[in-house]
Trainee: 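First the structure, then my questions, so here it is.
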Amino acid sequence: MDLYEHQAREIFSEHGIVVPRAEVTDSPERAREIARRLGGRAVVKAQVKTGGRGKAGGVAPAADPAAAEAAARRILGMDIKGHPVGTVMVAEPVDIESEFYVSYVLDRAAGGFLAIASAEGGMEIEEVAARRPEAVVRVPVDPAGKLTTAHAAHIAAAAGLPPQAVDVLVRLWEVLVREDALLVEVNPLVRTAEGRIVALDGKVTLDDNARFRQTRWGGEKDEQHDPLEAAAAAKGLHYVKLDGEVGVIGNGAGLVMSTLDVVAGCGARPANFLDIGGGASARIMADGLSVVLSDPAVKSVLVNVFGGITACDAVAEGIVHALDTVRLTKPLVVRLDGNNAARGRAVLDQHAHPLVHQATTMDGAARRAARLATAA
Ligand code: GDP
Ligand code: MN
């Protein structure tokens, strides 16, 4: 789950990282009062869970409280990259001398974290990396270790950050560890005209696997959830909505990922990712089918199962029983392979259904499902 800038700002502040004084509101009149409390001048910033707000017009300096009210009124009506602006943060303006970039991000491939830092902050880091790769420094960080001052000093020196940034790097790592985050990013981290180091913008992505102990953010409903994803999550399913027309159900994340590729290779587009995991019981199969079938974009469904601990005949029984409770409205192509595949296929044959087709290979199954989707 991504946090809003004002939530990231609050966490940073608790860990001793300096942030501008600020308050959040959904009312232009309140924005005027906040600006007055902050001394008159202010920066009004859209609170949306997407970057590039500045470029989109969602960050506006205001010379006085009246201007802050006008800016808030304008920004509160905006939609930034599909995110309607519900609240604004009214912040004390900062006189920027220079802008830097610092972040820690999970590096899944390496099984660790990366510190990313650059003396060229303010713009999107991908842009800097594309234009001047040598200006972006990446240093691996041991997820089990403590980030020492010496390590932080090395990162800062390599990136050309000022010495005061070392302390921020140490504290930002504490934020990541303490809050179970997958990403913590400050862009820009600025040096002010008076030489203070201030985190002007923050992004924090929490690890949803640690949701059980993130009680503080638990009450917040994530309004960006796709309704199908929300329904699937409520049933404990690992479902991700995609843009295509072939619904995909499989057991094991790796198998489902390759199924998506094979469907795409057949000239169709997968409508979703759905991993039903090891236990393909009738209940899980019924839940999975009902979620996938309720996507109006789905024209056919491909069930791709490689029997391991859960044998194919148990999966086939699961499908048969699922069809007692879920009305099949679109063609279903089933490919069973692995443990007890022949028995599984026999179970499906015994319970022949006009919309259920079987295939023996993954390629064959994907081709069939793709054809059925395009014919529909
Ligand atoms: P983003 O566009 O979503 O990344 O939003 P940011 O909060 O990073 O703001 C974009 C840019 O606006 C920053 O890089 C700064 O250059 C500028 N900005 C934001 N707040 C202030 C401020 O208090 N003073 C000044 N001078 N510029 C600011
Ligand atoms: Mn930013």
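Counting starts at 1 for both ligands and their atoms, following the listed order.
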Trainee: Work out how many protein N, O or S atoms lie closer to the Mn ion (ligand 2) than 2.8 Å.
Mentor: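 If we list every protein N, O or S atom nearer than 2.8 Å to the Mn ion (ligand 2), we get 2.
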
Trainee: Report the part of Met123 in contact with ligand 1, treating N, CA, C, O as backbone and CB onward as side chain, heavy atoms under 4.0 Å; options are side chain, backbone, both, neither.
Mentor: neither

Trainee: Mark yes or no for whether Asp180, through its side chain, and Leu206, through its backbone, hold a donor-acceptor pair below 3.5 Å.
Mentor: no

Trainee: Under the 4.0 Å line, does any protein heavy atom show up next to atom 11 (C) of ligand 1?
Mentor: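 No, no protein heavy atom sits under 4.0 Å from atom 11 (C) of ligand 1.
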
Trainee: OG1/Thr361 to CG/Asp363 distance, rounded to the nearest 0.5 angstrom?
Mentor: 5.5 Å

Trainee: If you have a sec, work out which protein heavy atom is nearest atom 8 (O) of ligand 1 and how many Å separate them, to one decimal?
Mentor: Asp201 OD2, 3.0 Å

Trainee: Please check if atom CG in Asp324 has more than 12 non-hydrogen atoms from other residues, nucleotides or ligands closer than 6.0 Å.
Mentor: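 For Asp324, atom CG is crowded (more than 12 foreign heavy atoms under 6.0 Å).
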
Trainee: Which residue and atom name correspond to the protein heavy atom nearest atom 26 (N) of ligand 1, and how close is it?
Mentor: Val94 O, 3.3 Å

Trainee: Do any nitrogen or oxygen atoms of Pro188 lie less than 3.5 angstrom from nitrogen or oxygen atoms of ligand 1?
Mentor: no

Trainee: For ligand 1, which atoms have a heavy atom of Arg53 less than 4.0 angstrom away?
Mentor: 1 (P), 2 (O), 3 (O), 5 (O), 6 (P), 7 (O)

Trainee: For atom NE2 of His238, decide whether the heavy atoms of other residues, nucleotides or ligands shown that lie under 6.0 angstrom number more than 12.
Mentor: no

Trainee: Using the salt bridge (Lys or Arg N to Asp or Glu O under 4.0 Å) definition, which of the options Arg36, Arg37, Arg9 pairs with Glu23?
Mentor: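 Result for salt bridge (Lys or Arg N to Asp or Glu O under 4.0 Å) with Glu23: Arg37.
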
Trainee: Which ligand 1 atoms does Asn187 reach within 4.0 Å, using its non-hydrogen atoms?
Mentor: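 Under 4.0 Å from Asn187, ligand 1 has these atoms: 8 (O).
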
Trainee: When Val88 is tested against each of Val44, Ile34, Asp26, Val48 for side-chain contact (heavy atoms from CB on, under 4.5 Å), which residue passes?
Mentor: Val44

Trainee: As an exercise, identify every atom of ligand 1 less than 4.0 angstrom from a heavy atom of Gly122.
Mentor: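 Ligand 1 atoms under the 4.0 Å threshold to Gly122: 14 (O).
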
Trainee: Check whether any side-chain heavy atom of Val168 sits under 4.5 Å from a side-chain heavy atom of Arg171, and report yes or no.
Mentor: no

Trainee: Answer yes or no: are there more than 12 heavy-atom neighbours, outside Arg73 itself, under 6.0 Å from its atom CZ?
Mentor: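 Yes - once you tally the heavy atoms of other residues, nucleotides and ligands closer than 6.0 Å, there are more than 12.
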
Trainee: Could you list the atoms of ligand 1 found under 4.0 angstrom from a heavy atom of Lys45?
Mentor: 7 (O)

Trainee: I need the nearest protein heavy-atom contact for atom 20 (N) of ligand 1: residue, atom name and distance, please.
Mentor: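 For atom 20 (N) of ligand 1, the nearest protein heavy atom is Leu200 CD2, 3.6 Å.
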
Trainee: Identify, by atom number and element, the atoms of ligand 1 in contact range of Pro93, meaning under 4.0 Å from any of its heavy atoms.
Mentor: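 What qualifies from ligand 1 is 23 (O).
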
Trainee: Check for a donor-acceptor pair, side chain of Arg30 on one end and backbone N or O of Thr25 on the other, with a separation under 3.5 Å.
Mentor: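 Pair absent, no side-chain N/O of Arg30 close to backbone of Thr25.
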
Trainee: Is Gly54 close to ligand 1, meaning an N/O of one under 3.5 Å from an N/O of the other?
Mentor: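 The answer is yes, given that Gly54 and ligand 1 share an N or O pair closer than 3.5 Å.
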
Trainee: Does Lys203 reach the main-chain N or O of Ala8 with its side chain, forming a donor-acceptor pair under 3.5 Å?
Mentor: no

Trainee: Is it the case that more than 12 heavy atoms not belonging to Arg178 sit under 6.0 Å from its CZ atom?
Mentor: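 Atom CZ in Arg178 is not packed in, count stays at 12 or less.
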
Trainee: Specify side chain, backbone, both or neither for Asp95, according to which of its non-hydrogen atoms lie closer than 4.0 Å to ligand 1.
Mentor: neither

Trainee: Quick test of your reading: applying ring-ring contact (aromatic ring centres under 6.0 Å, His included), list the pairs with at least one residue in residues 95-133, sequence neighbours left out, ordered by first then second residue.
Mentor: Tyr104-Trp173, Phe113-Trp173

Trainee: Angle between ring planes, His151 versus His154, binned at 30° and 60°: parallel, tilted or perpendicular?
Mentor: tilted

Trainee: Looking only at distances, please establish whether an N/O atom of ligand 1 is found under 3.5 Å from an N/O atom of Glu99.
Mentor: yes

Trainee: Would you say atom 22 (C) of ligand 1 touches the protein, meaning some protein heavy atom is under 4.0 Å from it?
Mentor: yes

